[in-house]
Amino acid sequence: MASGDGPRLRMAPSPTGFLQLGNVRTFLFDYLYARGHDGALVLRIEDTDAERSTPEAEAYLVDALHWLGIQWDEGPDIGGAHGPYRQTERTGYREVAARLTETGHAYECFCTREELEQDRRQQQERGEAPRYSGRCYGLSEEQRARLRAEGREASIRFHVPTGRSISWNDRVYGHTSFEGDALGDFVILRPNGLPIYNFANVVDDHEQEITIVVRGQQHLSNTPLQILLYEALDWSIPEFAHLPDVLDQNRQRLAKRRGAKGVTEYREEGYLPEAVVNVLALLGWSPPGGEEFLSLDDLCRQFSFDRVQRSNAAFDPARLDWFNGQYIRRMPLTDLIVAAAPFLQRTGLVPTGALSEEERARLSRILPHVRERVRTLAEIPSMVEFLYRDPSGLGVDSFQVKDLKRRDLAQTSEALEAVQDAVDRLEEWTPEALLAAMDGVAVRLDWRRGELLMAVRIAITGKTVTPPLIESLEVLGRAVTMARLERARRALAVVGADV
RNA sequence: GGCGCAUUCGUCUAGCGGCCUAGGACACCGCCCUCUCAAGGCGGAGAUCACGGGUUCGAAUCCCGUAUGCGCUACCA
């Protein structure tokens, strides 16, 4: 996608080892716009929080984003012409701040935290808006020297010009403006030389030639500060696209501490990236044509910021479930086999490593029946378990189910024996032959087909919910079927004895 | 407190002055199909478009106010 004069967007996560859906949506929109407009996408790691920033956390991010299908043109993992791609590796904030000081846009501030805190309290008591008093603005050279001599350290504070309003045309929210007077001078550089977020962000975005800044709406009120910085530095101002929040079902912002799941958890639980992407894209955005199923390519073609909703949206897990089921049903069988394999291996049904030809063949016969009945890949193992294991704990109680309430143990045992007989004589092991045999037994014993199949279902699988029984038997094979029928009959013969 | 943003069925949304007695999807309920469970088909319930004023022949759509929710108001990001 890389190109010369297209838009440049960036994803700027902090590597916390967790990636929640709200951030994913932001990055998705970044990706969609860049892709759809022949632009470039940059991954920039905001790793200033050294505590939580680890190489593992960064690898996690890269992995999670790739899983979703989001690719970028420049980043810490692949390099690029606008590095560095980790905030901690960038130097030069100090120089930029010095430039602002020289041009009179910023000044040294010697106030201590205690002083600032006290100012704030007093302002609040007086019912005023808490903002910097301006105490250090306009300090003379001598005053500064004296404060330094006292051992005080200076942070650099940006001076907000009075009496003007700052406005911009937000790609999502439209014309937006703030009164500068309400802002108050803000710190851009700590005494230790490390930049404050708003400042670092402006420098980074400028250095990386970002042309559209996409971020959460909590940054709406940071925007005027940043615009002021761009202006003072005489840098071109990027466009801004602010996104509404993604809420949980309690209408709270998605947060890990409130139990929100990270993307990789969805992967673990058997959700497909296509479904996650589809659902997230539809959360706060809708296509002009109203389609509901959209691939990443479709989304790239159709996405635009002017169709992004301006109000917050609650993420509905049930909707993801539905979409995921749809995608499981639509994906090519060979892909489904590959996607299901890790789940089958994790539950010990299938050996790890590459699937054998035999395994592949077996799955391609049963999965068409299973895919109609699951919503996540994680539900597949229990649906096919009968192919790999004899039912455990089969006993008389196993047959005490609603669908067999008209039948006692003797009848059930008799029916199973009849089925055993009929099925044993089958020349061909086909669905047609199996069904005919079952129906023959049912008629002879005066059982309804449903009743008989339920008895056999329990005998063979130990469960009351399975893929269609006839097809299941077909895949299971004659030998195992016969063995399990015999086994079930013995379990019924000896009262109270479990197999 | 100040500033900013938002407000259509439980949820996600369509709607950009008349086509709206507000459409779709998920969830929910019922029926059909059916060897279980699903899937699928059909149908139902569900929003006086937050509220109050305007503007207009006509407003969910434009304007003002109120309420509610959310965000920011840090030497956090």
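Every chain is numbered from 1, with letters handed out A, B, ... down the list of sequences. Source: prediction; values computed, not measured.
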Engineer: Taking U61(B) as the reference, what is the distance to U48(B) when you measure between their P atoms (whole Å, please)?
Structural biologist: 15 Å
Engineer: Using the P atom in both, what is the distance from C64(B) to A6(B), to the nearest Å?
Structural biologist: 12 Å
Engineer: Mind checking the C1' distance from A14(B) to G23(B)? Whole angstroms is fine.
Structural biologist: 6 Å
Engineer: Would you call the rings of Phe305(A) and Phe303(A) parallel, tilted or perpendicular, taking 30° and 60° as the class edges?
Structural biologist: perpendicular
Engineer: Less than 3.5 Å apart, which donor and acceptor atoms pair up between the side chains of residues 450-459 of chain A and the rest of the protein, not counting sequence neighbours?
Structural biologist:
from, atom 1, to, atom 2, distance (Å)
Glu451(A), OE1, Arg406(A), NH2, 3.2
Glu451(A), OE1, Arg407(A), NH2, 2.9
Glu451(A), OE1, Arg448(A), N, 2.9
Glu451(A), OE2, Arg406(A), NE, 2.9
Glu451(A), OE2, Arg406(A), NH2, 3.2
Glu451(A), OE2, Arg407(A), NE, 3.4
Arg457(A), NE, Thr466(A), OG1, 2.9

Engineer: Quiz question: by atom type and distance under 3.5 Å, do the side chains of Asp204(A) and Tyr85(A) form a donor-acceptor pair?
Structural biologist: no
Engineer: Taking the C1' atom of each, how far is C20(B) from C9(B), in whole Å?
Structural biologist: 15 Å
Engineer: Using a cut-off of 4.0 Å on non-hydrogen atoms, how would the nucleic acid contact of Arg157(A) be classed: base, sugar-phosphate, or nothing?
Structural biologist: sugar-phosphate
Engineer: Within 45° of the ring axis of Tyr266(A) and under 6.0 Å from its six-membered ring centre, is that where the NZ or CZ of Lys261(A) lies?
Structural biologist: yes
Engineer: For the side chain of Asp316(A), counting heavy atoms from C-beta on, which of A38(B), U11(B), A77(B) is nearest?
Structural biologist: U11(B)
Engineer: Does NZ or CZ of Arg171(A) fall inside the cone over Phe240(A)'s six-membered ring, less than 6.0 Å from its centre and within 45° of the axis?
Structural biologist: no
Engineer: Going by heavy atoms closer than 4.0 Å, what residues in residues 270-280 of chain A are next to RNA chain B?
Structural biologist: none
Engineer: With a 4.0 Å cut-off on heavy atoms, is Gln124(A) in touch with a base, just the backbone sugar-phosphate, or nothing at all?
Structural biologist: nothing
Engineer: Could you measure between the two C1' atoms, the one in A47(B) and the one in A25(B), and give it in whole Å?
Structural biologist: 16 Å
Engineer: Given the P atoms of G2(B) and U66(B), what is the spacing between them in whole Å?
Structural biologist: 11 Å
Engineer: Considering every strand and a 4.0 Å limit on heavy-atom distances, what is the contact class for Cys111(A): base, sugar-phosphate, or nothing?
Structural biologist: base
Engineer: Taking the same atom, P, in G65(B) and in G30(B), what whole-Å distance lies between them?
Structural biologist: 49 Å
Engineer: Salt bridge or not between Arg152(A) and Glu115(A)? Use side-chain N to carboxylate O under 4.0 Å.
Structural biologist: yes
Engineer: With P as the reference atom in both, quote the distance from A59(B) to C51(B) in angstrom, rounded to an integer.
Structural biologist: 15 Å
